[in-house]
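Notes to accompany the following structure.
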Amino acid sequence: MAGERPDHYPFREIDAKWQRRWEESGIFRVREEVGRPKYYCLEMFPYPSGRIHMGHVRNYVIGDAVSRYKRMRGYNVLYPMGWDAFGLPAENAAIEHGVHPAIWTRENIQAMKSQMRKLGISYDWDREVTTCEPEYYRWEQLVFIRMFERGLAYKKAATVNWCPSCQTVLANEQVEAGRCWRCESEVIPQPIEGWYFKITAYAEELLEWCDRLTGWPERVLTMQRNWIGKSEGAEFDLPVVGRPDLTIRVFTTRPDTSFGMTYAVLAPEHPLVDRLVADEAERRAVAAFRAEVARESEIERLATDRPKRGLRLTVRAVNPFNRKEIPLFLADYVLMGYGTGAIMAVPGEDQRDWEFAKAHDLPIIETVKRPPGWTGEAYTGDGVKINSGFLDGLSVAEAKRKAIDWLVAQGLGEAKINYRLRDWGISRQRYWGAPIPIIYCPTCGTVPEKVENLPVVLPRNVQITGKGGSPLADVPAFVNTRCPRCGGPGRRETDTMDTFVESAWYFLRYCSPKFEGGMADPAAVHYWMPVDQYIGGIEHAILHLLYARFYTKVVRDLGLFKVDEPFQRLFTQGMVIKDGAKMSKSKGNVVSPDDFIAEYGADTARVFELFAAPPEKDLEWSDQGVEGAFRFLNRVWRFVQTHRPALAPPGNGRPASLSEPGRAFRRIVHETIQRVTDDIEEFHFNTAISGLHELVNAMYAFAGESLERTAAEERRYLLGEAIDTLLLLLAPFAPHLVEEMWSQSGRGESVFRTAWPTADPAALAKEALVIVVQVDGRVRSRLEVPPDISDERLKAQALADAKVRPWLEGRTVVRVVPVPGRLVNIVTRAGAA
RNA sequence: GCCGAAGUGGCGGAAUUGGCAGACGCGCUAGAUUCAGGGUCUAGUGCCCGCAAGGGUGUGGGGGUUCGAGUCCCCCCUUCGGCACCA
């Protein structure tokens, strides 16, 4: 594939030279400088799988361009990189190849780091963070203890999502359509004891702050809002006929529809059911129904188009609003996990209830007046209340309020807010993760490790089999310990923490990665946080981004830092695809960054990835597009090599007057400054680079201008200014090439220590405008006019124009619409005046 | 089913947010570079009619608002994402 490329710039030498110099000079290392504006640019750190792929490259190239640009704008830029180093693949490698996860991980990090260096990404490597190091995870163990003390970390037995292939529990956020987020195995529900973080305590704050995260993509915020799933309504009790000792608690978002309640439903596994059954026969029927529902897989349960199944109980309940008796059902469409696990059913105003009522021949009462012509089934819109006793005549919103007031007055219930969000299950029955610092003592119970004993180090000598249960349980030296409270024998927790815990705070650690007094030095966090720009894939829209937001609020409330939200601005970049599919080994459509860099150099990879598509969209890999980027860089190189020696030295003054072509050329140069600057600020790297293409095209054209039209001295000055400008504007995208040419121009200082250019307003001023003349919306002519021309003169000139007049022949001008600086539209109608 | 985003040449994509549609790049065509290939340079390149000048037409489809619509409004189609019985 690597054919001969006879004429190209020496990227191999240039890349290596500048990568070495940047590293030796430490130019990208930063420290806090109070008073100087900071900029914290962050990419989602990778899992050290062994190789970076083109998706990583895209992520890092975007961040690097932003970081280098911001440095040139004078910011003190924190731009770190690290490793999300705990996780299953390391353990699986251990099972398959017998290599210890720690060694496998370390080797992968070395390999990936060297790939990143070859791309010329300007990280401050002094701040590298590796999450599997005890120096890192000790701090989250400390936070775990503090959370435990406040009830924010707790243990419970619950039905969890079990991935049979990964042999571990998954959090709700890690299940996608009933399948494991990593291996896509079908998840099965299983009752297991485990540790939870009380993210639900932050549901409201997480939701409220969504409105204030103005630098986030709207779709990510929408996904987070949906995930949190707030619903407001009421909770109240239904009496059970003949059973004064029992009531059924229901939750509804539509208390206004209560008069339309014609039956009620309990989730099949509702604990109250056992006390509601009439006799042994019904008990057996319930057991059979439960078994039938439980047999369905998670995925089957998710299908909404399936008929709703139910079992009618003998016992009846009472609708307290109208005191009528109603039947009671168990049904698979009511979930134990939400609200109270029981509902009042209003088939007139709820589609699910409607379907169930039809299937079981239950009465339907309409409590909202239908709009004229309504032909649907259940009606969920607004309208006037009917058939609703004391609520009749009210609007839905008014009736909701009044119904809740009534429930409160009757002592039956109250207003209630429910969230779809569940607590974050963080226990993993696997080895390669941070140990949970908890000890079980037969006398003291569940006791946190003493803070001075942290970190609880993950032992190295472990038999990793991949067969169920944490391998730590088989390490007596780890498990058997002393109770921190009474000193008696105790057993350590053998579950490890979800790796998403490490990634929930690594951005804090970067602020002071070697700090030994806690997660991070509060002064450093105060200076650097929040992250000004976070860049990563959309796949973390809920998962990691929600956890990081939550964790940041937790450590704030623990009094560690004063940060409310970790990420000021978020950018979600698209995937890199080839032949219409995500690059993957199994599809055989992978382009290796190593091969690519060897063939074209780092700057071509960077420029191609930024130019080929807007960064938020998927990027289709194109070998020909790569050639285009390579060609462009060579074109720049050749131009500078050809013209630079003849140019005036930098800093020489501009000639007193410029020729007309000279002024036009200079305008292009300065317009490009403005355009590229605006584009980078908006993350429009593709159009920024197309602007640079146009500048280079103009430079070739101007260099070819005849000497009669522009004096040699003027030309030397203007081309010199243009080359300097081009190099500065190109520097964030093609840093190696630009550094080389910049130093060849006799500059001692790195281009990244040089200020970003600003457009000269005098150069931007236009001497004449080209105005389009339309007749009835069609372009018929163009006028060259002075910029300050009046509307009246413009109209007159347009009407008098020789190319326009034939189109007015035999027609009457109805009106003339001038648009200053752009066009004139002459509107006509048929027939002479 | 619900929510969200998007549909522009042969391809990737532009269009100052209501004002010249197709910038820039890829590809293609022709020419130049005293051989070929590569590289480089020049010109052309939405579609239709025309030798040309020129004209018509054109942003998923249909309607509408406007002097003027890729952009705004209504209906429909398609694709991609997210959620999925959350009461």
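Using a 4.0 Å heavy-atom cutoff across all strands shown, A:R225 reaches no nucleic acid atom at all. When heavy atoms are screened at a 4.0 angstrom cut-off, A:S231 is found touching the sugar-phosphate backbone but no base atom. Among the atoms of the strands shown, only primed sugar atoms or phosphate atoms (P, OP1, OP2) are found under 4.0 Å from some heavy atom of A:R778. Contacts of A:N825 with the nucleic acid, taken as non-hydrogen atoms under 4.0 Å apart, include base atoms. Backbone-only engagement by A:G628 is indicated by non-hydrogen atom pairs under 4.0 Å involving sugar-phosphate atoms exclusively. Within the nucleic acid shown, A:R638 comes within 4.0 Å of sugar-phosphate atoms alone, with no base atom in reach, counting heavy atoms only. A:E620 comes within contact range of no nucleotide atom at all, as no heavy-atom separation falls under 4.0 Å.
B:C72 and B:G31 have their P atoms separated by 46 Å, given to the nearest Å. Rounded to whole Å, the P atom of B:U59 lies 9 Å from the corresponding atom of B:U71. Distance noted for atom C1' between B:U42 and B:G46: 23 Å (whole Å). Using C1' as the reference atom, B:C67 and B:C20 are 16 Å apart when rounded to the nearest Å. One P atom belongs to B:C3, the other to B:A84, and the distance between them is 16 Å to the nearest Å.
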Subject >> Stepwise side-chain contact (heavy atoms from CB on, under 4.5 Å) test for A:V591 and A:V576 >> reply: CA-CA 10 Å; A:V591 179; A:V576 180; over 6 Å; no
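Going from atom CG of A:N634 over to atom C1' of B:C41 covers 15 Å, rounded to whole Å. Atom pair A:E218:CD and B:C3:P shows a separation of 16 Å (rounding to whole Å applied).
Glycosidic conformation of B:U71 is anti; the angle lies outside 90° of 0. Glycosidic conformation of B:G9 is syn; the angle stays within 90° of 0.
In this entry B:G4 has B:C80 as its Watson-Crick or G-U wobble partner, both defining distances falling under 3.5 Å. Nucleotide B:G22 has no partner under the Watson-Crick or G-U criteria, as no pair reaches both atom distances under 3.5 Å.
Between A:K308 and A:H360 the shortest heavy-atom distance is O-CE1, 3.9 Å. Looking at every heavy atom in both residues, A:N418 comes nearest to A:G339 through ND2-CA, 3.5 Å.
Between B:A14 and A:N686, a contact under 4.0 Å exists linking OP1 or OP2 to a side-chain N or O. The side chain of A:K617 contributes no N or O atom lying less than 4.0 Å from OP1 or OP2 of B:A6.
Listed for the A:T340 side chain is a donor-acceptor partner under 3.5 Å among the backbone atoms of A:R249. Using a distance-only test at 3.5 Å, with no hydrogens or angles considered, a donor-acceptor pair links the side chain of A:E349 to the main chain of A:T367.
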